[in-house]
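Accompanying notes for the structure given below.
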Amino acid sequence: SIYASLLSRELIQDEAKCEYSNHISDEVKRLDLILNNLLLFAREIKIHPIQTNLKQILINALQDAEPLFYGKRLTIETNLIEMTFLADAQLLTQMILNILLNAVQAIDVGGKINIQMFQNKLFPRFIQIIIADNGSGISQKHIDSIFNPFFTTKNSGQGTGLGLSI
């Protein structure tokens with residue numbers, strides 16, 4: 001990916017080649033996400049909770065997911081609060097990236113993703129994160145299967161079905 005970024009800088013004058021280089025970089029990042037999901041699924045997950053700033057996790061995940069937004073002209077709205085708690089930051093980030101990937105794949109060009117974070121009023125120790133998009137949604141016949149490992153409605157080669165199961 002670093003080589004693709006370097007290549008993009010060299011090809012800044014050639015728009016078509018620069019676009020190819022950006023596409024290579026985006027695909028490498030997508031493959032990295034798939035491989036991370038496979039590794040998480042294949043091994044026993046050990047949770048390492050540390051004091052974690054959830055707002056910063058969400059901001060970092062949005063920055064990491066930025067290549068996925070390429071060409072979509074998305075509107076991303078956020079309403080985040082400062083909140084720290086014990087969590088495994090790496091697993092939390094991976095979970096958020098998986099949900100963002102699903103959202104980006106479900107929406108059309110010019111789509112919208114809204115991310116909100118709330119402290120639960122009834123149970124103040126609990127935090128709610130809502131990640132919503134204006135995509136096609138999940139059909140009722142698939143809703144019970146979305147957390148099953150390897151379940152996907154995507155065409156072959158477009159998804160592993162691991163995103164939500166992890």
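From Ile96, atom CD1 reaches atom CG of Leu62 across 8.5 Å, with rounding to the nearest 0.5 Å.
The shortest side-chain heavy-atom distance between Ile50 and Asp88 does not fall under the 4.5 Å cut-off. With contacts defined as side-chain heavy-atom distances shorter than 4.5 Å, the pair Ile113/Val104 qualifies. Within the 4.5 Å cutoff, side-chain heavy atoms of Ile127 are placed close to those of Leu54. Using a 4.5 Å heavy-atom cutoff, the side chains of Asn53 and Phe85 are not in contact. Annotation: side chain of Ile107 is in contact with side chain of Asn134 (closest heavy-atom distance under 4.5 Å). Put simply, the side chain of Thr52 reaches to within 4.5 Å of the side chain of Ile57, judged on heavy atoms. Counting heavy atoms from C-beta on, the side chains of Ile115 and Leu58 come closer than 4.5 Å.
Phe126 belongs to a hydrophobic cluster whose remaining members, ordered by chain and number, are Leu122, Phe123; membership requires side-chain heavy atoms of ILVMFWY residues under 4.5 Å apart, directly or through intermediates. In this structure, Leu86 shares a hydrophobic cluster with no other residue, the cluster being traced through Ile, Leu, Val, Met, Phe, Trp and Tyr side chains under 4.5 angstrom apart.
Listed by chain and number, the residues in a side chain to side chain contact (heavy atoms under 4.5 Å, CB included) with Ala65 are Leu68, Phe69, Leu97, Leu100 (sequence neighbours excluded). Residues satisfying the side chain to side chain donor-acceptor pair (under 3.5 Å) criterion with Gln119, sequence neighbours excluded, are absent altogether. Gln56 meets the side chain to side chain donor-acceptor pair (under 3.5 Å) test with Asn60; sequence neighbours excluded.
Identified under the salt bridge (Lys or Arg N to Asp or Glu O under 4.0 Å) test for residues 65-83, with sequence neighbours left out: Lys55-Glu82, Glu77-Lys112.
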**Q.** Audit row: Asn98, Met95, side chain to side chain contact (heavy atoms under 4.5 Å, CB included) steps and yes/no
**A.** CA-CA 5 Å; Asn98 290 344; Met95 178 195 70; 5.6 Å; no

Q: Apply the test side chain to side chain contact (heavy atoms under 4.5 Å, CB included) to residues Gln128 and Met117: give CA-CA distance (whole Å), side-chain angles for both, the deciding distance (0.1 Å), then the verdict.
A: CA-CA 6 Å; Gln128 281 181 276; Met117 191 172 123; over 6 Å; no

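Cluster membership for Ile76 and Ile81, using ILVMFWY side-chain heavy atoms within less than 4.5 angstrom, is shared. Hydrophobic cluster membership is shared by Leu101 and Ile59, with clusters built from Ile, Leu, Val, Met, Phe, Trp and Tyr side chains linked at under 4.5 angstrom.
Within 6.0 Å of the CD atom in Gln140, the count of heavy atoms belonging to other residues, nucleotides or ligands does not exceed 12.
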